[in-house]
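All of these numbers come straight from a predicted model, not from anything done at the bench. Scope of the values below: all heavy atoms of this structure, side chains included, with no hydrogens, waters or symmetry mates.
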Amino acid sequence: MMRALYLLYAAVAYAIFFATFLYLIAFVGNFSLVPVTVDFARVATPGKAALIDAALIALFGIQHSVMARPGFKAGWTRIVPAPIERSTYVLFASIALIVLMAFWHQLTAPVWTVTHGVGAAILWVLFASGWAIVLTSTFLINHFELFGLQQAWFALRERAAAPPVLRQPFFYKFVRHPLYSGFFIAFWATPVMTVGHLLLAAGLSIHMLIAIRLEERDLIDIFGEAYVGYRRRVGMLIPRVGGR
């Protein structure tokens, strides 16, 4: 019975994540399908809005990075059962992102505006491509394990997970972190860049660069010289051409 509840919990956490992910696309893209976007949000004085937005980015970044560390997980699983540890992380990350979007304050002063039809279309194609790269990358490594469903399913089936294997499918042959590459493209590719959008893109980009360093330290602990060699051969966010 408890294992079935684990799976139900994991499914609910995944549903919340996926809805949040879809909303994030509309939020960053300023789509009128949703009530709040990066440039149509709460209003405050520019200084106050910038401070609040920076604090929201920091809150998300701290939650996202700290809870992913092995040391935190080792202590966390004394409270949260192992089969739903990943789902709980995903749920908390979704909540942090929901809080960021719900309490975001707009800063609509323009930084750049691309009015030429072809230029704007290219940027929108890049925007869509970034999100497609993000989603595709999750399936290349194991989408359902990444978001906690596999762990709960294996617990229900009383099946042990296979040992981690360093794989390099498709995008991973060319860049070590294509998921983050996709986010970089999605956050920065816009025909209308406002101060608020710039703050979001820059803040989350800094967070991703920090997260990559922390993740690679953990990956070296897991895979040792195999990952060191992979890191030497393959670029971090863009394909490596020629030497280092």
(request) Check whether any side-chain N or O of Arg240 sits under 3.5 Å from a backbone N or O of Arg232 as a donor-acceptor pair, and report yes or no. (result) yes
(message) Enumerate the side chain to side chain donor-acceptor pair (under 3.5 Å) contacts for residues 109-130, please, sequence neighbours excluded, ordered by first and then second residue.
(response) none
(request) Measure the CD-NE2 distance between Gln63 and His207 for me, rounded to the nearest 0.5 Å. (result) 8.5 Å
(message) Please enumerate all residues that pass side chain to side chain contact (heavy atoms under 4.5 Å, CB included) together with Met2, with sequence neighbours excluded.
(response) Leu5, Tyr6
(request) Determine, using the 4.5 Å side-chain heavy-atom cutoff (strictly less than), whether Val12 and Val90 are members of one ILVMFWY cluster. (result) yes
(request) Give every residue pair that meets the salt bridge (Lys or Arg N to Asp or Glu O under 4.0 Å) criterion with at least one member in residues 155-166, sequence neighbours excluded. (result) Arg3-Glu158
(message) Please check: side-chain N/O of Asp53 versus main-chain N/O of Trp104, any donor-acceptor pairing under 3.5 Å?
(response) no
(request) On the 0 to 90° scale, with breaks at 30° and 60°, tag the Phe223-Tyr227 ring pair as parallel, tilted or perpendicular. (result) parallel
(request) Output every pair passing salt bridge (Lys or Arg N to Asp or Glu O under 4.0 Å) with a member in residues 59-76, not counting sequence neighbours, ordered by first then second residue. (result) Arg69-Asp218
(request) Tell me, yes or no, whether the heavy-atom count around Phe170 atom CZ, taken from other residues, nucleotides or ligands under 6.0 Å, exceeds 12. (result) no
(request) May I ask you to test the Ile25-Phe31 pair for a side-chain heavy-atom distance under 4.5 Å? (result) yes
(message) On a heavy-atom basis, which atom in Phe40 and which in Gln106 lie closest, and how many Å separate them?
(response) CA-OE1, 3.4 Å
(message) Tell me if the CZ atom of Phe92 is crowded by more than 12 foreign heavy atoms within 6.0 Å.
(response) no
(message) Is there a path of hydrophobic side-chain contacts, each under 4.5 Å between heavy atoms of I/L/V/M/F/W/Y residues, joining Tyr180 to Leu166?
(response) yes
(request) Walk me through it: do Phe171 and Leu179 pass the test side-chain contact (heavy atoms from CB on, under 4.5 Å)? (result) CA-CA 9 Å; Phe171 293 146; Leu179 191 150; over 6 Å; no
(message) Rounded to the nearest 0.5 Å, what separates atom CG in Leu107 from atom OG1 in Thr45?
(response) 9.0 Å
(message) Side-chain heavy atoms nearer than 4.5 Å, only ILVMFWY residues, links allowed to pass through others: does that put Phe174 and Tyr172 together?
(response) no
Side-chain donor-acceptor distances from residues 143-150 under 3.5 Å, at least two apart:
from, atom 1, to, atom 2, distance (Å)
His143, ND1, Thr138, OG1, 2.8
His143, NE2, Tyr14, OH, 2.7
Gln150, OE1, Asn142, ND2, 3.0

(request) Mind running side-chain contact (heavy atoms from CB on, under 4.5 Å) on Ser87 and Gln151 for me, showing each step along the way? (result) CA-CA 9 Å; Ser87 293; Gln151 292 87 327; over 6 Å; no
Hey, can you pull the donor-acceptor pairs under 3.5 Å for the side chains in residues 181-206, sequence neighbours left out?
from, atom 1, to, atom 2, distance (Å)
Ser181, OG, His177, O, 3.2
Ser181, OG, Leu237, O, 2.6
Trp188, NE1, Ser205, OG, 2.9
Thr190, OG1, Val192, N, 3.3
Thr190, OG1, Val192, O, 3.1
Thr194, OG1, Asp39, OD1, 2.5
Thr194, OG1, Asp39, OD2, 3.4
Thr194, OG1, His197, N, 3.1
His197, NE2, Phe187, O, 2.9
Ser205, OG, Ala201, O, 2.6

(request) Looking only at non-hydrogen atoms, find the nearest pair between Val28 and Phe127 and report the distance. (result) CG1-CE1, 3.9 Å
(request) Using the side-chain contact (heavy atoms from CB on, under 4.5 Å) rule, take Val38 and Asn30 through it: C-alpha gap first, then chi angles, then the decisive distance, then the call. (result) CA-CA 6 Å; Val38 67; Asn30 278 310; 3.6 Å; yes
(message) Applying a strict under-4.5 Å side-chain criterion to I, L, V, M, F, W and Y, I'd like to know whether Leu7 and Phe18 cluster together.
(response) no
(message) Set out, in order, the CA-CA distance, both residues' side-chain angles and the distance that settles side-chain contact (heavy atoms from CB on, under 4.5 Å) for Glu216 and Arg176, then state yes or no.
(response) CA-CA 10 Å; Glu216 293 208 323; Arg176 303 195 303 273; 2.6 Å; yes
(request) List the atom of Phe60, the atom of Leu100, and the distance in Å for their closest heavy-atom pair. (result) CB-CD1, 4.3 Å
(request) Please determine, by modelled atom types, if Glu225 and Tyr230 share a side-chain donor-acceptor pair under 3.5 angstrom. (result) no
(message) Is the shortest side-chain heavy-atom distance between Trp153 and Leu156 below 4.5 Å?
(response) yes
(request) Kindly say whether Ala74 contributes a backbone atom to a donor-acceptor pair with the side chain of Thr77 at under 3.5 angstrom? (result) yes
(request) Specify the closest pair of heavy atoms between Arg167 and Leu140, including all atoms of both residues, with the distance to one decimal. (result) NH1-O, 3.3 Å
(request) Please check if Val175 and Leu214 belong to a single hydrophobic cluster, counting links between Ile, Leu, Val, Met, Phe, Trp and Tyr side chain heavy atoms closer than 4.5 Å. (result) no
